[in-house]
2 protein chains.
Amino acid sequence: MTKLQIHGREASDASDRDAKAQAEGFATVRQAHESEMAEDYVELIAELIEIQGEARPVDIAERLGVKPPTVTKNISRLKEAGLVSRERYRAIFLTPEGQKLAEACRRRHRIVVAFLLSLGIDEETAERDAEGIEHHVSETTLEAFEAVVTRAHEKH
Amino acid sequence: MTKLQIHGREASDASDRDAKAQAEGFATVRQAHESEMAEDYVELIAELIEIQGEARPVDIAERLGVKPPTVTKNISRLKEAGLVSRERYRAIFLTPEGQKLAEACRRRHRIVVAFLLSLGIDEETAERDAEGIEHHVSETTLEAFEAVVTRAHEKH
DNA sequence: TATATATGTTAGCATCGGCTAACTTTTGAG
DNA sequence: CTCAAAAGTTAGCCGATGCTAACATATATA
Ligand SMILES: [Mn+2]
Ligand SMILES: [Mn+2]
Ligand SMILES: [Mn+2]
Ligand SMILES: [Mn+2]
């Protein structure tokens with residue numbers, strides 16, 4: 001709909017452009033969902049390595065709230081994607097590419113949490129909301145968040 | 001891990017509580033993903049009814065950026081869930097329950113967009129980011145967003 | 001009104017990310 | 001050093017949400 005045949009070519013009106021922009025928005029969200037698993041895993045693996053020296057499936061499963069077989073399957077996907085390295089029955093480590101992604105995710109997570117806290121949100125809620133929001137924040141928005149956090153800190 | 005047997009009962013340490021809270025956060029995100037399709041559809045259906053008087057699969061597909069068979073399938077899920085009513089080959093309408101959900105989603109969407117705009121984000125980016133963020137914003141955070149928007153408006 | 005085009009549905013396929021049950025390997029307590 | 005418990009894997013299942021190809025229905029133009 002909203003398409004007419006004029007002189008044999010397609011014509012667009014204002015609501016057509018709107019529809020296209022909207023579709024791109026939804027496509028962006030679907031894309032974000034595709035990277036979400038990888039992002040949460042590498043971020044968590046980096047945290048566990050920092051805390052415990054290594055990331056083991058049992059700990060990943062506990063912190064994600066999923067069962068061990070789910071972790072095994074997803075880790076093999078991450079290995080396939082070149083983000084983690086590991087040998088069977090051994091702990092999981094990040095490849096250089098995985099480390100880079102983990103760093104970016106941790107930064108984003110930190111900024112989103114700090115931003116929500118600066119709005120007066122309680123820690124529990126800030127962490128919960130950030131865990132989902134982080135995957136849908138563009139670099140533009142992230143920088144705006146960062147600016148707010150910085151200003152809030154300067155004011156004490 | 002991080003569980004010891006003491007006097008025959010389980011003992012928790014600080015990192016255990018942390019792990020549990022983290023798992024709840026991820027569980028919350030997984031739950032949000034379960035309602036996401038329904039939320040985006042009813043919101044869009046409400047918009048189309050407002051603009052065009054009815055919501056047809058072809059328009060829903062165009063605006064979501066998916067193919068018509070995907071819409072057919074998802075609409076039948078929404079019907080199953082009691083959110084929409086429709087007869088074969090006819091336009092789609094919202095049940096009272098669907099209208100209520102749509103209203104809540106539109107409010108949330110509006111607030112998130114207005115909030116991002118008030119931060120100086122451009123419209124295109126605000127809409128894109130909001131489309132994903134909206135599903136992960138608790139009522140607590142939404143109210144904080146609303147307060148910021150209101151204050152920004154008062155200052156002109 | 002006849003029929004061509006646009007719209008909608010069905011069937012069948014794929015991937016993702018959950019799960020349980022059953023099995024294997026590693027670890028560590030005695 | 002042995003062997004039971006803990007950890008990890010595999011196989012097989014499921015539902016959600018995309019897709020294409022083929023078919024059915026509705027609509028609008030000639
Ligand atoms: Mn996350
Ligand atoms: Mn995170
Ligand atoms: Mn959305
Ligand atoms: Mn929306």
Side-chain angles (χ1 to χ4, degrees), chain A residues 1-6 8 10 19 23 26-42 44-45 48 52 54-81 83-84 86-93 132 135, chain B residues 1-6 8 10 23 26-41 44-45 48 52 54-81 83-84 86-93 132 135:
Chain A
M1 285 296 96
T2 73
K3 293 225 171 118
L4 328 167
Q5 289 291 329
I6 296 179
E10 272 180 9
F26 285 115
T28 300
V29 176
R30 284 192 298 271
Q31 264 189 265
H33 285 158
E34 278 175 30
S35 5
E36 196 161 333
M37 184 274 285
E39 291 175 355
D40 285 336
Y41 272 71
V42 298
L44 178 53
I45 289 165
L48 287 169
Q52 314 189 325
E54 60 178 20
R56 304 171 70 236
V58 69
D59 295 321
I60 294 171
E62 187 192 11
R63 292 178 117 94
L64 289 177
V66 300
K67 302 294 177 185
T70 300
V71 172
T72 296
K73 190 182 289 186
N74 285 332
I75 291 298
S76 80
R77 286 176 184 148
L78 296 184
K79 191 177 174 184
E80 194 63 25
L83 295 170
V84 308
R86 83 122 148 191
E87 290 161 61
R88 262 205 188 175
Y89 296 102
R90 297 266 99 100
I92 294 138
F93 295 94
H135 308 282
Chain B
M1 280 299 99
T2 71
K3 292 225 172 115
L4 328 167
Q5 290 290 332
I6 296 181
E10 271 180 9
F26 286 115
T28 299
V29 176
R30 284 192 299 270
Q31 264 189 264
H33 285 158
E34 279 175 29
S35 6
E36 196 161 334
M37 184 275 285
E39 291 175 353
D40 285 336
Y41 272 71
L44 178 53
I45 290 166
L48 287 169
Q52 316 190 322
E54 60 178 22
R56 303 170 70 235
V58 68
D59 295 321
I60 295 172
E62 188 193 9
R63 290 178 118 94
L64 288 177
V66 299
K67 301 295 178 185
T70 300
V71 173
T72 296
K73 191 180 289 187
N74 284 332
I75 291 298
S76 80
R77 284 176 187 148
L78 297 184
K79 191 178 174 182
E80 194 63 27
L83 295 169
V84 308
R86 86 118 145 195
E87 291 159 60
R88 260 204 189 178
Y89 295 102
R90 297 265 96 102
I92 294 137
F93 295 95
H135 308 282

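To find a chain, count down the sequence lines: A is the first, B the second, and so on, and within it residues start at 1.
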Nearest heavy atoms of A:A55 and A:I45, plus distance in Å = CB-CG2, 3.8 Å
Indicate the atoms forming the closest heavy-atom contact of B:K79 with B:R86, along with that distance.
-> NZ-O, 3.1 Å
Enter the distance from B:T72:OG1 to B:R88:CZ here, rounded to the nearest 0.5 Å.
-> 10.5 Å
Check the distance between D:dA7's C1' and A:E62's CD and give it to me in whole angstrom.
-> 13 Å
Phosphate oxygens OP1/OP2 of D:dA24: is one of them under 4.0 Å from a side-chain N or O of B:R88?
-> no
Can you tell me the distance, in whole Å, between the CG atom of A:D59 and the P atom of D:dA7?
-> 8 Å
Roughly how many Å is it from CD in A:E34 to C1' in C:dA14, rounded to a whole number?
-> 13 Å
Under the criterion side-chain contact (heavy atoms from CB on, under 4.5 Å), which of B:L48, B:V84, B:D59 is the partner of B:I92?
-> B:V84
What's the CZ-C1' distance between B:R90 and D:dA24, to the nearest Å?
-> 14 Å
Below 3.5 Å between N/O atoms, which protein atoms pair up with nucleotides 18-23 of chain D? Just atom names and distances, please.
unit_1, atom_1, unit_2, atom_2, d
D:dG18, OP2, B:N74, ND2, 3.1
D:dG18, O6, B:K73, NZ, 2.6
D:dC19, OP2, B:K67, N, 2.9
D:dC19, OP2, B:T70, OG1, 2.7

Separation of C:dC16 atom C1' from A:D40 atom CG, nearest Å, is 15 Å
Gap between atoms OH and C1', on A:Y89 and D:dT10 respectively (whole Å) | 9 Å
Nearest heavy-atom contact between A:G65 and B:R30 is O-NH2, 3.1 Å
Between C:dG8 atom P and B:K79 atom NZ, what is the distance in whole Å?
-> 15 Å
A:I75 atom CD1 is separated from C:dG17 atom C1', nearest whole Å, by 13 Å
Test side chain to side chain contact (heavy atoms under 4.5 Å, CB included) on A:V66 and B:F26 and set out the steps.
-> CA-CA 9 Å; A:V66 300; B:F26 286 115; over 6 Å; no
